[in-house]
Amino acid sequence: MTLPPPDPQFVLRGTSAAVHTLHFSCGGPEPDIPLLFSGSENGFVHVWNLKTHRVDTALDGHGRKSVYCVKTMGGKDRLLSQGRDQRICLWDLAEGRTSVTDSVFTEHVGFCRCSLLKVAQGRWLMAMAARSSEEVQILELPSKTSVCTLKPEVGAKLGMPMCLKLWQLSCGAQPVLLAGYEDGSVVLWNVSTGKALSRLICHQEPVMSLDFDSEKAKGISGSSEKVLSIWSLNEQQNLQVYKTHKLVNAGISDITIRPDKKILATAGWDHRIRIFGWKKLKPLAVLDYHTATAHCVSFSDHSNPRDRLLAAGSRDQRISVWSIYAQT
């Protein structure tokens, strides 16, 4: 029996456009101010102060084209943003600066968010959908050196990459990439060799979002259908369907597993945020606040579990922030 859902802890208004992406930066020690970064359809990245619930800074680097990915790089002073202007911008926000220090021209016309993985102090791998419609390019940052291009086998007909997740089992282990494609498959790639290790058809429709728990070797994906697909990775690096979960309404924009791997959240085309237990995918709550498609969900990285928050962004131009299952 699910409990009646709570109200949002607070709501952030003022983007003046649909909100497509969210990213918290709350892990710093006091007196560090916890921040939430949002990217919206009008091309702005807003930096929200979670103490005052107001915008500290508005960053304009994408020529008023929609921003659909924001991530910090090792602290709140270095930011990456990706927009429909086919650019990924790297920002320096230290000491009040708001400057783009570098950018990568992706030539990618879709909505596929890039994925970042820290591989050493000050060094990152970035996976991004490439110019050729089926390819994924891996770059090293900040040097922008090309590591490899991941090309499906001839005749594979995967379609465009829709979502990407770089990860490694342990520090220093070989980085691998999970990619969800237009044909409904999820592919595991070895980034070092550029070879596909395994492919699994998880959906009948394009994979809209996926997340992966490297500790349990288990992942989850959603599409425009009424189903969540849960899959696992065995020791031979083969993807296998673990189970599926039927949804009430079709369409998942975003899925994220909380960093402690206890719960996950989905953003739905039906305007709702759904919370599940990650272990058995038990439905825990339906957060029914937004009045249009929910585009994105993000959990905060607070060091104290009691402070943990969940944020959701929607086409209704609002960001709802929730304190839910913070203790579990």
Hydrophobic cluster membership, [X] vs [Y], 4.5 Å side-chain cutoff:
X      : Y      : answer
Val297 : Phe276 : no
Val70  : Ile33  : yes
Val47  : Met73  : no
Val45  : Leu22  : no
Val186 : Leu158 : no

Grab the two heavy atoms, one from [X] and one from [Y], that are nearest each other, plus how far apart they are.
X      : Y      : answer
His290 : Ser314 : ND1-CB, 3.3 Å
Phe37  : Lys76  : CZ-O, 3.9 Å
Val19  : Cys296 : O-SG, 4.0 Å
Leu150 : Gly194 : CD2-CA, 3.6 Å
Leu50  : Cys26  : CD1-SG, 3.9 Å
Ile263 : Asp260 : N-OD1, 4.4 Å

Could you tell me whether the side chain of [Y] reaches within less than 4.5 Å of the side chain of [X], counting heavy atoms only?
X      : Y      : value
Leu164 : Leu178 : no
Trp124 : Val119 : no
Tyr325 : Ile275 : yes
Ile138 : Met126 : no
Met128 : Leu139 : yes
Leu116 : Leu80  : yes
Met162 : Cys112 : no
Leu233 : Leu188 : yes

Flag if over 12 foreign heavy atoms under 6.0 Å of [atom1], [X]:
X      : atom1 : result
Glu153 : CD    : no
Lys151 : NZ    : no
Lys261 : NZ    : yes
Lys216 : NZ    : yes
Gln204 : CD    : no
Arg97  : CZ    : yes
Lys157 : NZ    : no
Lys65  : NZ    : no

If you round to the nearest 0.5 Å, how far is [atom2] of [Y] from [atom1] of [X]?
X      : Y      : atom1 : atom2 : result
Ile255 : Arg274 : CD1   : CZ    : 12.5 Å
Glu205 : Glu225 : CD    : CD    : 5.5 Å
Trp322 : Ser300 : CH2   : OG    : 15.0 Å
Ser81  : Leu59  : OG    : CG    : 7.5 Å
Leu309 : Leu36  : CG    : CG    : 9.0 Å
Thr291 : Gln317 : OG1   : CD    : 9.5 Å

**Request:** Classify the side-chain pair Ser221/His203 by whether it contains a donor and acceptor separated by less than 3.5 Å.
**Result:**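 Yes.
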**Asked** For residues Glu135 and Thr149, is any side-chain donor paired with an opposing acceptor at under 3.5 Å?
**Response** no
**Message:** As a quick check of understanding, evaluate salt bridge (Lys or Arg N to Asp or Glu O under 4.0 Å) for Arg308 and Asp301, giving each step before the final call.
**Reply:** CA-CA 7 Å; Arg308 284 190 293 224; Asp301 55 343; over 6 Å; no
Please confirm whether the backbone N or O of [Y] pairs with a side-chain atom of [X], one donor and one acceptor, at under 3.5 Å?
X      : Y      : answer
Asn234 : Asn238 : yes
Ser185 : Arg199 : no
Gln82  : Cys114 : yes
Thr72  : Gly74  : no
Gln168 : Ala173 : yes
Thr15  : Ala17  : yes
Asp102 : Leu90  : no
Glu182 : Gly159 : no

**Request:** Check step by step if salt bridge (Lys or Arg N to Asp or Glu O under 4.0 Å) holds for Lys51 and Asp56.
**Result:** CA-CA 11 Å; Lys51 291 252 164 83; Asp56 272 357; over 6 Å; no
**Message:** For a side-chain hydrogen bond (donor to acceptor under 3.5 Å, both in side chains) check, start with the C-alpha distance between His108 and Gln86, then their side-chain angles and the critical distance, and finish with the verdict.
**Reply:** CA-CA 6 Å; His108 169 67; Gln86 301 179 25; over 6 Å; no
**Prompt:** Under 6.0 Å between ring centres, would you say that holds for Trp167 and Phe212?
**Reply:** yes
**Request:** Indicate, with yes or no, if the rings of His295 and Tyr68 have centres closer together than 6.0 Å.
**Result:** no
**Request:** Could you tell me whether Arg84 sits above the aromatic face of Phe111, with NZ or CZ closer than 6.0 angstrom to the six-membered ring centre and within 45 degrees of the axis?
**Result:** yes
**Asked** Cation over ring, Lys218 on Trp278, under 6.0 Å and within 45°?
**Response**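 Yes - Lys218 lies over the ring of Trp278, closer than 6.0 Å to its centre and within 45° of its axis.
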**Item:** Criterion side-chain hydrogen bond (donor to acceptor under 3.5 Å, both in side chains) on Trp91 and Thr98, from CA distance to verdict
**Value:** CA-CA 7 Å; Trp91 299 80; Thr98 55; over 6 Å; no
**Message:** The test is salt bridge (Lys or Arg N to Asp or Glu O under 4.0 Å); show your working for Asp316 and Arg13 and say whether it passes.
**Reply:** CA-CA 10 Å; Asp316 66 12; Arg13 296 176 177 84; over 6 Å; no
**Message:** Does Asp92 form a salt bridge (Lys or Arg N to Asp or Glu O under 4.0 Å) with Arg78? I'd like the steps, not just the answer.
**Reply:** CA-CA 5 Å; Asp92 172 17; Arg78 291 188 66 204; over 6 Å; no
**Asked** Taking it one step at a time, do Tyr289 and Arg318 satisfy side-chain hydrogen bond (donor to acceptor under 3.5 Å, both in side chains)?
**Response** CA-CA 10 Å; Tyr289 169 77; Arg318 291 177 291 184; 3.2 Å; yes
**Step-by-step side chain to side chain contact (heavy atoms under 4.5 Å, CB included) determination, Cys163 to Tyr181** = CA-CA 7 Å; Cys163 46; Tyr181 288 88; over 6 Å; no
